[in-house]
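Each remark here refers to the structure printed beneath this line.
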Amino acid sequence: MPFLKPKILRFESLPSTNTELARLASEGAEEGLAIVADEQTAGRGRLQRAWSSPKGAGLYFSILLRPEIPIDHWPLLTFMAALAVGDALNEAGGVTTDIKWPNDLLSGERKICGILAEAIETPSGRAVIVGIGINLTQAAFPADLTDVATSVSEASGQEPEREAILAALMRALSRWYSLLNEPGGREKIVAAWSGRSSYALGKLVQVSNGDDVWEGTTCGVEHDGALRLNTGNAEVKLVRAGDVYSIRSSNHPRINESV
Ligand code: BTN
């Protein structure tokens, strides 16, 4: 594997794989170190939301990366992670997925995976922890979220094989991360992401970011991953943070449903 030397540490239970890996990174852990836990007692999602993580119901995974690409392109790390999860679920989970900007994997318009990328300072420089939570069974999230969340088990109609999905994920992360670091690779990541996301082009959405709320039609993504939103009057807004909802659905973000 040209850029990653993956090594996996396994735990029965952790508060959060992202938090534990950040601790190890601050002690000098190498790029490619990954953590998997059977359960998380304080799993975290984007925007300070909780990520429900009961024992054995999900794949709770984090990997340490020390990217050399310019920091303003680091949002593409979540793009490459979403592409990798899509490959892994297709190959080892029997599920085809859509990507909701910036980094939710959906199956049948319901969320099956969330990604939380966190930049950290370490003694050997700035790094990023990419945390991935895949719902393996319906037990991964509260029953009242069945209208907005789904699982590998439900989407494939088969018993999910966590180890096979994990192995496929490591292979796919290695491939996509290598591409991201190659000359011209960032453009290829954006193109691949756009080809796999129904949210990239022509989707009527509402975007909320704090007190700001916009509605418009998506019209592609920028070279750094920002979502282009045509809000009318020939105005194109560049969205770099926030929650995106398809206007045709009335889903609200709750546990395991944040973007
Ligand atoms: C989101 O959609 O809000 C992102 C969810 C990310 C959850 C994963 S599970 C493994 C890793 N550890 C955490 O505490 N969070 C991420």
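Just so it is clear, the values below take in all heavy atoms, side chains as well, and ignore hydrogens, waters and symmetry mates. Each ligand, and each atom within it, is numbered from 1 in the order the structure gives.
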May I have the step-by-step check of salt bridge (Lys or Arg N to Asp or Glu O under 4.0 Å) for D98 and R110, ending in yes or no?
CA-CA 9 Å; D98 186 10; R110 288 186 286 157; over 6 Å; no
Hey, could you give me the CE/CD1 distance between M170 and I8, rounded to the nearest 0.5 Å?
4.5 Å
For ligand 1, indicate whether the residue L47 contacts it via side chain, backbone, both or neither (heavy-atom separation under 4.0 Å).
neither
Look up atom OG in S246 and atom CD in E109, then write down how far apart they are to the nearest 0.5 Å.
6.0 Å
Interfacing atoms of ligand 1 (cut-off 4.0 Å, heavy-atom, I115):
2 (O), 4 (C)
Just jot down the ligand 1 atoms closer than 4.0 angstrom to any heavy atom of S62, in number order.
11 (C)
Non-hydrogen atom of R49 closer than 4.0 Å to ligand 1:
no
Which bit of T19 is near ligand 1, meaning a heavy atom under 4.0 Å away: side chain, backbone, both or neither?
neither
Residue of the set W176, W193, Y177, W74 for which ring-ring contact (aromatic ring centres under 6.0 Å, His included) holds with F79
W193
Give the atom numbers and elements of ligand 1 that come within less than 4.0 Å of a heavy atom of F61.
10 (C), 11 (C)
Main-chain N/O of S194 paired with S197 side-chain donor or acceptor, under 3.5 Å
no
Nearest heavy atom to atom 9 (S) of ligand 1: which of Q40, E20, Q48 does it belong to?
Q40
Interfacing atoms of ligand 1 (cut-off 4.0 Å, heavy-atom, G45):
1 (C), 3 (O), 4 (C), 5 (C)
With a cut-off of 4.0 Å, which atoms of ligand 1 are near a heavy atom of R44?
5 (C), 6 (C), 7 (C), 13 (C), 14 (O), 15 (N), 16 (C)
Find out whether R228 and L238 are in side-chain contact, i.e. whether some heavy atom of one side chain is under 4.5 Å from a heavy atom of the other.
yes
Taking both backbone and side-chain atoms of Y60, is any N or O found less than 3.5 Å from an N or O belonging to ligand 1?
no
Given the rule in the salt bridge (Lys or Arg N to Asp or Glu O under 4.0 Å) test, do D87 and R196 qualify, once you have shown the distances and angles that lead to the verdict?
CA-CA 11 Å; D87 281 356; R196 289 196 195 176; 2.8 Å; yes
Would one find an N or O of T17, backbone or side chain, under 3.5 Å from an N or O of ligand 1?
yes
For G43, the atoms of ligand 1 under 4.0 Å from one of its heavy atoms are 14 (O)
What's the separation between atom CG in L204 and atom CG in N230, rounded to the nearest 0.5 Å?
10.5 Å
